[in-house]
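Encoded as structure tokens, the structure appears first; notes follow it.
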Amino acid sequence: MATKGREIQHVFLVLWSIVTILTVSVSSSQHPERIVAFFNGDCAVSNPCQHDCENINHQGFFCVCREGYYLNKDGKTCSVSVHEMFPEVSEEKPQRDEIYMGENNQLNSQSKHSIYESNQSKDKNSRLVNNEHRKVKNLQTDTSSEYTIHTVDLKKDVDVPPQLSELRIHEGGDSQEGSVRYVDLSMQNFPRKPVKLSVKQLCLDVVCQNNGTCVVEGNIPRCDCPLGTAGSRCQKYISVRYPQFFGMGYLALPVLKDGYKEFTIVVEFRPQAQNGLLLFSSETESAKSDFFSIALIDGYVEFRFDCGTGLGVIRSTEMVNIGQWNRVALFRIDNSATLRLNNDEPVEGTAKGEFSRITLRLNVYVGGYSNMSAISSRVGTRKRFVGCVQEVGINGYRYDLRKADIVGDAEFGVNVGECSQGICETVSCENGGICSIKSADSHVCLCPLGTSGDTCEHKHEIHIPRFSGHAYLQYEGLGRSVLTYTEIEVVFKPTTEEGLIFYNGYTKDRKGDFISLALRDSYIEFRFDLGTGPAKLRSLRPVAINQWHVVRISRTGLQGTLKVDDELEIEGESQGAYTQLTLLENLFIGGHANYDEMSKHVNISKSFTGCIQKVVINKKPLSIMEAAVDGVNVEPCKHPCDGTPCMNGGECVPQQDVYQCYCPLGYSNTNCEDRMRKLPSKPMFKGNGFLIYTDKKVVKRVTGSKIDLQMYIKPQDKNGLIFWTGQNHMKTASDFIALGFRDGSLQFRFNLGSGEAVIGYNDSRLFDGSWHFVRAQRDKQDAYLEIDGIEIVEGSSPGSYTMLNTNKMVYLGGMTDVAEKTLGKFTTGYTGCIKDITLATDFKVKLIGHAQSGRNVNQCTRRV
Ligand SMILES: *[C@@H]1O[C@H](CO)[C@@H](O)[C@H](O)[C@H]1NC(C)=O
Ligand SMILES: *[C@@H]1O[C@H](CO)[C@@H](O)[C@H](O)[C@H]1NC(C)=O
Ligand SMILES: *[C@@H]1O[C@H](CO)[C@@H](O)[C@H](O)[C@H]1NC(C)=O
Ligand SMILES: *[C@@H]1O[C@H](CO)[C@@H](O)[C@H](O)[C@H]1NC(C)=O
Ligand SMILES: *[C@@H]1O[C@H](CO)[C@@H](O)[C@H](O)[C@H]1NC(C)=O
């Protein structure tokens, strides 16, 4: 046995007097790897590799790191490639020599120190003796690989580097295989004392910019770059939204204030290594007493915490998925906690001792900590996290992982990259679309109005907009038009439970006045702020998804109301003393172009998904598509109106899933398909029709100092405008004259410029289905209303004005946008019949003959 053993030792001696580097170009699945050192033994027997282990026939094995990593000096562990993190470095040759001092416990003790070079080295004293191409079959995985072995004979030249300055760096040039630097695998047998350089010496040439700090780890100097900078010398500026960690940095969130007794934590992360600190906070810098941490340890998630009297450790039952998104949810109350990784079973645990409160004075650290060695025994790892973090939520608050400026919660950090970097570089959006980052690993094309699709490839005309999550429509803001009173009606059909429907603000700095309507967890939320604190109104019940809803919101001064469909109206009040709402920024519907510019009191950052059919602001319908000044990713909402069902010039008006046709005068039926053989002599209206008169003979008998209007009516509905003339842009003091029903009361109203007269008559007998005679007379400010020749009501307008000045358009039966144009005095058009109109006692108006145009007018029938 002894002889055999010596023989084996001899073989190794021979083998290890030759130190081998493998330049692996794996032809099977992986990308080419970097230089690798190898060990004797067998992967199956002793596998020290952090990533993958490859056997080399019967001669030993070597460790391989996955794509984007390089093998560390120890030949076993892997670190993220600096070239991955700082892609621009590759042009710049490193300034300094570097020595990798290896732990050699895996190596044969007879081996001498060795200096490796890539075979691109122009070094004349090359110790390269052999390049051997090999094909190897991995018996375990049954995959084959190919690689070249460059062998260096150490006997030939055993000079040790006397000083670091004499060493020269050998970069692998442009070759795929990357760089080989010097490797010393056997410090023990180093003939002389190994070179030990101070941080100062090593950092001599490393000038870090932008407040970066030179640090030395494993004898390699590098720059620690503050949050917002990157590059080998921190020369580059980056903005971080989805932080990426390389095992050498961290990000600091504010100190957790409400975690004393209990907390819930949610972290979504994509690890690239099996070990590393993900989240940490503590009372002291060394975590000696109170602290908590979430770390990856050998691929498991470990939550550790200490309330001051003993450590609690909870480890997930399953391992994390390397390279994929994982979600860990944690709940701690007093000294017990529950941890759940992805969809695995929750694991419970407790901390020792009688204390149950955790005092935290340090920031919440994500991805690592400034001094890992100080806390490693407590958190269970010396390593920092490698990978991306997409979400950190504590106690229901989802942190904004951007740097704390106007937005963002990250107070400081070191060596943090951006996970989404470069995503848009390979994307091309068509038709003027712009690529935008959607999440840590996805993008979205922002398509201009009239285009849509993943790459904005579709072009179309839109009547009713459909929003698909990253869409919005932008309009001129409401400005000062809604100072004291605001009323908004929105008709929409959501496809998800959350999203912004309507927003208008005062500034872009997240403060001040705003008004918003949003869907959250299927509840409707109406919020507004007059500058001193928001009002928050929420619907009593969630609304059904994929159904149409009508929401009406209003505010008068501080008071707000919210009405959803037929539900009870909700009331609420904003804080503070201000009573006016000023909205100087643009108005947004369906989403927002930049959620960072929205008031923080809205607290929503998702865009609406679904269709928005109608928006009415202070009774004025918004021309959703025509009035938009900008828009992104808006698609057509499928609707029967798309097929232009209304014939003969009729207008299609969507009414949730169905539609209504507004037929021109002379046409009738559902789709205006019937041409009337005879124009109506006794017109009938259905709340949405009207006749317009601009004929001088009519107008002059309506305006001026007096009117005497006589007619017969057969009303059907307790609301509806019968007769109107007013001004183009109606204001409170604008001239008008009107006759119509309001809650069953027949009202004769007018304003000559100095105040309004309202003369009302209540009698349900008017709705008995027979004709009634109505006479409305005005002489200067004084007026009379006469019904059926007997009942007379009198009234007069205040002030001194006596003349009625209007836009010379007289409406019968209603008009477009009745509520807006009558300033809410009437809400709809008239329903019923009208006949025999006489003006100024003897002028018989030809109801159709004198009319300039009309809409939805039919002949009166016995059954209306
Ligand atoms: C190393 O040398 C071999 C043979 O001389 C050659 O085939 C290979 O491309 C070289 N590798 C590099 C990285 O230049
Ligand atoms: C560097 O730090 C100093 C002091 O903290 C600060 O005033 C300065 O603005 C920083 N410079 C850069 C480029 O960040
Ligand atoms: C890190 O912590 C260790 C142990 O507490 C301490 O000795 C060392 O000085 C600290 N390093 C830094 C850079 O603060
Ligand atoms: C913001 O909304 C989330 C839920 O979406 C909620 O948990 C959180 O408390 C809200 N924050 C504020 C300040 O309203
Ligand atoms: C008519 O009824 C309304 C409410 O329906 C009431 O406010 C008004 O005073 C009544 N007018 C007359 C003249 O009775």
Side-chain angles (χ1 to χ4, degrees), residues 241-242 266-268 325 327 389-394 396-402 406-409 419-420 423 434-447 452 454 465-475 488 490 492-505 508 510 514-529 534 536-539 542-547 549 551 553 562 564 585-612 615 630-635 637:
R241 181 171 199 124
Y242 303 105
V266 173
V267 186
E268 197 175 336
W325 291 108
R327 193 174 177 88
V389 172
Q390 181 153 259
E391 180 179 343
V392 178
I394 301 185
Y397 177 74
R398 180 178 177 166
Y399 287 92
D400 186 328
L401 298 174
R402 289 173 293 176
I406 295 177
V407 296
D409 293 316
C419 201
S420 68
I423 286 181
I434 296 163
C435 176
S436 169
I437 301 296
K438 186 165 139 189
S439 71
D441 52 8
S442 66
H443 76 278
V444 61
C445 281
L446 303 179
C447 308
S452 74
D454 287 348
R466 185 163 70 86
F467 301 83
S468 48
H470 284 84
Y472 63 83
L473 280 168
Q474 187 173 348
Y475 305 84
I488 296 164
V490 184
F492 63 95
K493 181 161 83 172
T495 54
T496 57
E497 299 89 46
E498 190 154 332
L500 181 72
I501 299 170
F502 185 101
Y503 181 83
N504 198 171
K508 291 187 167 133
R510 319 200 79 185
F514 77 87
I515 185 165
S516 73
L517 182 68
L519 201 57
R520 190 199 303 274
D521 300 332
S522 297
Y523 287 83
I524 304 283
E525 283 189 356
F526 167 38
R527 297 184 174 188
F528 64 93
D529 192 334
K536 298 179 178 178
L537 287 78
R538 185 177 160 97
S539 62
V543 297
I545 304 304
N546 289 317
Q547 280 180 25
H549 299 285
V551 170
I553 54 177
L562 164 68
V564 180
E585 287 299 320
N586 275 316
L587 161 67
F588 285 89
I589 285 176
H592 200 286
N594 185 352
Y595 284 89
D596 297 344
E597 294 174 355
M598 268 171 44
S599 167
K600 55 180 183 293
H601 294 300
V602 182
N603 186 21
I604 207 157
S605 54
K606 272 196 186 143
S607 302
F608 175 78
T609 61
C611 297
I612 297 183
V615 177
D630 200 1
V632 153
N633 286 8
V634 178
E635 294 167 50
C637 179

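Because only heavy atoms are used, hydrogens play no part in the values below, and waters and symmetry mates are left out as well, while side chains stay in.
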| Taking the side chain as C-beta and beyond, is there a heavy-atom pair between H592 and Y472 under 4.5 Å? | no

| Between I423 and K438, is any pair of side-chain heavy atoms under 4.5 Å apart? | no

| Which heavy-atom pair separates Q474 from N586 by the least distance, and what is that distance? | NE2-ND2, 2.9 Å

| message | Does any part of the side chain of L517, heavy atoms only, come nearer than 4.5 Å to the side chain of I553, both counted from C-beta? | response | yes

| field | From K493 atom NZ to N546 atom CG, the distance as rounded to the nearest 0.5 Å | value | 6.5 Å

| Closest approach of F608 to I501 (non-hydrogen atoms, all atoms of both residues) | CD1-CG1, 3.7 Å

| task | Please say which of N504, V602, D529 ends up in a side chain to side chain contact (heavy atoms under 4.5 Å, CB included) with I515. | result | N504

| query | So how far is it from K606 NZ to T496 OG1, rounded to the nearest 0.5 Å? | reply | 7.5 Å

| request: For the residue pair Y399 and Y397, categorise the inter-ring angle as parallel (less than 30°), tilted (30 to 60°) or perpendicular (more than 60°). | output: perpendicular

| query | Relative to the ring of H549, is the ring of F492 parallel (under 30°), tilted (30 to 60°) or perpendicular (over 60°)? | reply | tilted

| message | For the backbone of C447 and the side chain of N633, can you confirm whether one donor and one acceptor N or O come within less than 3.5 Å of each other? | response | yes

| note | CD of Q390 to SG of C419, rounded to nearest 0.5 Å, is 7.5 Å

| request: State, with a plain yes or no, whether a side-chain heavy atom of I437 is found less than 4.5 Å away from one of Y242. | output: yes

| Checking R520 side chain against N603 main chain: does a donor-acceptor pair fall under 3.5 Å? | yes

| said: Please give me the minimum heavy-atom distance between P494 and L519, naming the atom from each residue. | reply: CB-CD2, 3.5 Å

| Option from R402, K508, R510 for which salt bridge (Lys or Arg N to Asp or Glu O under 4.0 Å) with D596 holds | R402

| Can you tell me if S607 uses its side chain to pair, donor with acceptor, with the backbone of G591 under 3.5 Å? | no

| query | Side chain of E635, backbone of S452: donor and acceptor closer than 3.5 Å? | reply | no

| Less than 4.5 Å apart, any side-chain heavy atom of F502 and any of I612? | no

| Below 4.5 Å, heavy atoms only, C-beta onward: do L537 and E525 meet side chain to side chain? | no

| said: If I compare all heavy atoms of A593 with all of F588, which pair ends up nearest, and what's the gap? | reply: N-CE2, 3.6 Å

| request: State, to 0.1 Å, how close E597 and Y503 come at their nearest heavy-atom pair, and which atoms those are. | output: O-OH, 4.4 Å

| Heavy-atom distance under 4.5 Å between the side chains of Y475 and L473, does that happen here? | yes

| remark: Closest heavy-atom pair, A471 versus S468, reported as atoms and distance to 0.1 Å, is CB-N, 4.0 Å

| query | Hey, does S522 have a side-chain heavy atom less than 4.5 Å from the side chain of I545? | reply | yes

| field | Gap separating the CZ atom of R398 from the OG atom of S605, nearest 0.5 angstrom | value | 7.0 Å

| query | Between T609 and G469, is there a donor-acceptor pair closer than 3.5 Å when you use the side chain of the first and the backbone of the second? | reply | no

| field | C611 and C637 SG atoms under 2.5 angstrom apart | value | yes

